[in-house]
Amino acid sequence: MVTRRRFAALAATSVAAATLGLSSGRAFGQEKRNGKLHLRFAIAPLRPTPAITIKEFEPMFRYIAEQLDATYELVSPESWAAISVAMMNGHVDVGWLGPWGYVLAHHRGGTEVIATAKYRGKPFYRAIIEGRPGLPIKDFPNDAKGMKLSLSDQGNTSGWLIPYAHMVKSGIDPKEFFQLREGATFGNNVSMIQQGLIDLGSNMDRGRNGMIEAGEMDPSKVSVYWTSSDLPNDAICVQKGFDPVLKQKISDILVGLSEEKAQSLMGSGYNGFVRATNKDYAIIEEAGRLTGKLRT
């Protein structure tokens, strides 16, 4: 398993490589170690900490490697943006990316989606804005002017992109309308809300459910004030130029999992995959254009 420090170094190297236009010069999915296929896996920070994410989801990556008779390494960064950067620049073979991270990696580096994760049987989820109970908000964001709002890093779909795009579409500049801070994890936002340090924070419905079930959130102290429309769930991706035969095998392994088997290999609530193409992420691309982060 790769340490967070090493992953940060890889991500930094990725940024430099992208700037210089460098490439690894090898066909992805063909690396060998000790005579076996070796795969570099990465997963977005789905849980409050990278350590918890690794603990809950490593069995799934181990299962994929075992089915392919391969060795592997796995990392989960603290930043949703970091995994996208590393993916698009050649330091990850197979990545579990957030929808926005996938779209960025696809447009900038040709990353391909091969499957979408299911949560409680559905391949979609919703972004939410949570806050202290009792706030006078009936219409977000219009009723929340001047409040302390914490969003996640700009690589996060439900934590930044979707709520930010909603505010822009509503004619609001979040930086002027709110006391805005960015870069927090969902766990940070929930903690700050419960401590009364902020009024509002971003999250996703499946993250909220997971925190409540794990005892990491008291739902009586954190209310939901806004919910997005349905969004495609996280994307399982491979590098541009990835071995096509291996890509198909990995896709078949994922979508072939029964819900019961998948649930046994992943964190609470996640129970399988469906095949996916770039068209399934059109709503995310639209939000990227609204925020000015993605240009045609």
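All residue numbers refer to positions in the sequence shown, counting from 1. Note that this is a predicted model, so its numbers are computed, not measured.
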Next item on the list: Kindly work out whether a path of hydrophobic side-chain contacts (I/L/V/M/F/W/Y, heavy atoms less than 4.5 Å apart) joins Ile52 to Ile54.
Entry: no

Next item on the list: Mind checking the CG-OG spacing from Asn271 to Ser258? Nearest 0.5 Å is all I need.
Entry: 9.5 Å

Notebook entry, point to check: With sequence neighbours left out, which residue pairs that include part of residues 161-172 fulfil the side chain to side chain donor-acceptor pair (under 3.5 Å) condition?
Noted result: His166-Trp226

Note to self: Can you give me the closest heavy-atom contact between Gly131 and Ile193, atom names plus distance?
What the structure shows: C-CG2, 3.6 Å

Notebook entry, point to check: Could you state the interatomic distance from CG (Leu104) to CE (Met87), rounded to the nearest 0.5 Å?
Noted result: 13.0 Å

Notebook entry, point to check: In a check of salt bridge (charged side-chain N to carboxylate O under 4.0 Å, His left out) between Arg47 and each of Glu216, Glu78, Glu56, Glu58, which one passes?
Noted result: Glu56

Check: Could you state the interatomic distance from CG (Leu97) to SG (Cys237), rounded to the nearest 0.5 Å?
Finding: 5.0 Å

Check: Between atom CD of Gln248 and atom CD1 of Ile253, what is the distance when rounded to the nearest 0.5 Å?
Finding: 10.5 Å

Note to self: Tell me whether Ser228 contacts the main-chain N or O of Ala127 through its side chain, where contact means a donor paired with an acceptor under 3.5 Å.
What the structure shows: yes

Checklist line | Stepwise salt bridge (Lys or Arg N to Asp or Glu O under 4.0 Å) check, Lys240 with Glu112 | finding: CA-CA 6 Å; Lys240 179 181 180 180; Glu112 298 179 60; over 6 Å; no

Note to self: Between Asn89 and Arg108, do the side chains contain a donor N or O and an acceptor N or O under 3.5 Å apart?
What the structure shows: no

Next item on the list: Taking Asp143 for its side chain and Phe140 for its backbone only, find out whether a donor-acceptor pair lies under 3.5 Å.
Entry: no

Note to self: Tell me whether Leu294 shares a hydrophobic cluster with Leu231, the cluster being built from Ile, Leu, Val, Met, Phe, Trp, Tyr side chains joined at under 4.5 Å.
What the structure shows: yes

Check: Are any non-hydrogen side-chain atoms of Phe273 and Thr116 less than 4.5 angstrom apart?
Finding: no

Check: Checking ring pair (Phe, Tyr, Trp, His ring centres under 6.0 Å) for the pair Phe61/Tyr72: CA distance, chi angles, key distance, verdict?
Finding: CA-CA 8 Å; Phe61 292 100; Tyr72 73 97; 7.8 Å; no

Item checked: Salt bridge present between Asp252 and Arg275 (N-O < 4.0 angstrom) -> yes

Next item on the list: Decide yes or no for Val75 and Val92: does some side-chain heavy atom of the first lie under 4.5 Å from some side-chain heavy atom of the second?
Entry: no

Margin query: Please give me the minimum heavy-atom distance between Thr53 and Ala44, naming the atom from each residue.
Written below: CG2-O, 3.5 Å

Next item on the list: Nearest 0.5 Å please: distance from the CZ atom of Arg206 over to the CD1 atom of Ile128.
Entry: 11.5 Å

Next item on the list: Ignoring hydrogens and angles, tell me if any N or O in the side chain of Ser84 forms a donor-acceptor pair with the backbone of Ala81 under 3.5 Å.
Entry: no

Next item on the list: Show the numbers, then the answer: is there a side-chain contact (heavy atoms from CB on, under 4.5 Å) between Asn156 and Trp100?
Entry: CA-CA 6 Å; Asn156 190 318; Trp100 177 223; over 6 Å; no

Item checked: Side-chain donor-acceptor pair present, Ser264, Glu260, cut-off under 3.5 Å -> no

Check: Would you call Asp199-Lys148 a salt bridge at under 4.0 Å N-O?
Finding: no

Notebook entry, point to check: Do Glu213 and Asn209 meet the criterion of a side-chain donor-acceptor pair at a distance under 3.5 Å?
Noted result: no

Check: Just by modelled atom types, is the Arg33 backbone N or O under 3.5 Å from a matching donor or acceptor in the His38 side chain?
Finding: no

Notebook entry, point to check: Got a sec, which residues hit salt bridge (charged side-chain N to carboxylate O under 4.0 Å, His left out) with Asp218, two or more places apart in sequence or on another chain?
Noted result: none

Checklist line | hydrophobic_cluster_shared for Leu161 and Val168, side chain cutoff 4.5 Å | finding: yes

Check: Under 3.5 Å, is there a donor-acceptor pair linking the side chains of Ser223 and Arg132?
Finding: no

Check: Strictly by modelled atom types, are Glu285 and His107 linked by a side-chain donor-acceptor pair under 3.5 Å?
Finding: yes

Check: If you round to the nearest 0.5 Å, how far is NZ of Lys175 from CZ of Arg181?
Finding: 15.5 Å

Notebook entry, point to check: Thr185 and Asn188: side-chain donor and acceptor closer than 3.5 Å?
Noted result: yes

Check: Mind checking whether Ile43 and Met60 have side chains closer than 4.5 Å, heavy atoms only?
Finding: no

Notebook entry, point to check: Glu182 versus Leu180: any side-chain heavy-atom pair under 4.5 Å?
Noted result: yes

Item checked: Phe186 and Met204: CA distance, side-chain angles, deciding distance, side-chain contact (heavy atoms from CB on, under 4.5 Å) verdict -> CA-CA 8 Å; Phe186 292 147; Met204 55 182 173; 3.8 Å; yes

Next item on the list: Kindly say whether Asn142 contributes a backbone atom to a donor-acceptor pair with the side chain of Asp139 at under 3.5 angstrom?
Entry: no

Margin query: In this structure, would Leu135 and Met167 fall into the same cluster of hydrophobic residues linked by side-chain contacts under 4.5 Å?
Written below: yes

Margin query: Show the nearest heavy-atom pair for residues Ser152 and Ser202, with the distance to one decimal.
Written below: N-OG, 3.4 Å

Note to self: Go through it in stages, so that I can follow the logic: the residues are Val274 and Val255, the test is side-chain contact (heavy atoms from CB on, under 4.5 Å), and I'd like the CA-CA distance, side-chain angles, deciding distance and then a yes or no.
What the structure shows: CA-CA 5 Å; Val274 297; Val255 301; 5.5 Å; no

Checklist line | Side-chain donor-acceptor pair present, Asp153, Trp80, cut-off under 3.5 Å | finding: no

Checklist line | Nearest atoms (heavy-atom pairs only) where Gln263 meets Ser268 | finding: NE2-CA, 3.8 Å

Margin query: Taking Trp160 as the starting point, is it possible to reach Leu290 by hopping between hydrophobic residues whose side chains are less than 4.5 Å apart?
Written below: no

Check: Is a side-chain N or O of Arg208 found less than 3.5 angstrom from the main chain of Val224, in a donor-acceptor match?
Finding: no

Item checked: Flag for Asn189-Ser150: side-chain donor and acceptor within less than 3.5 Å -> yes

Notebook entry, point to check: Do the side chains of Ile198 and Leu149 get nearer than 4.5 Å, heavy atoms only?
Noted result: no

Next item on the list: Keeping the roles fixed (side chain from Glu130, backbone from Tyr225), state whether a donor-acceptor pair exists under 3.5 Å.
Entry: no

Margin query: I need the minimum non-hydrogen distance between Pro232 and Ile283, along with the two atoms involved.
Written below: CD-CG2, 3.5 Å

Notebook entry, point to check: Can you tell if the side chain of Glu259 reaches within under 4.5 Å of the side chain of Lys118, non-hydrogen atoms only?
Noted result: yes

Notebook entry, point to check: Quick one: does Asp205's side chain have a donor or acceptor within less than 3.5 Å of a partner on Arg126's backbone?
Noted result: yes

Next item on the list: Please collect all ring pair (Phe, Tyr, Trp, His ring centres under 6.0 Å) contacts where either partner lies in residues 117-139, sequence neighbours excluded, each pair once.
Entry: Tyr119-Tyr270

Note to self: How close do Ala144 and Phe178 get, counting heavy atoms only, and between which atoms?
What the structure shows: O-CE2, 3.3 Å

Check: Is any side-chain heavy atom of Lys293 less than 4.5 Å from a side-chain heavy atom of Gln154?
Finding: yes

Margin query: Contact between Ile250 and Ile114 at the side-chain level, heavy atoms closer than 4.5 Å - yes or no?
Written below: yes

Notebook entry, point to check: What do the steps show when you test Ile236 against Val94 for side-chain contact (heavy atoms from CB on, under 4.5 Å), and what is the final call?
Noted result: CA-CA 7 Å; Ile236 309 302; Val94 181; 4.1 Å; yes

Note to self: Donor-acceptor check, side chain of Asp234 to backbone of Ala117, threshold 3.5 angstrom: yes or no?
What the structure shows: no

Check: Quick check: does any side chain N or O of Arg40 sit under 3.5 Å from a backbone N or O of Gly90, one acting as donor and the other as acceptor?
Finding: yes

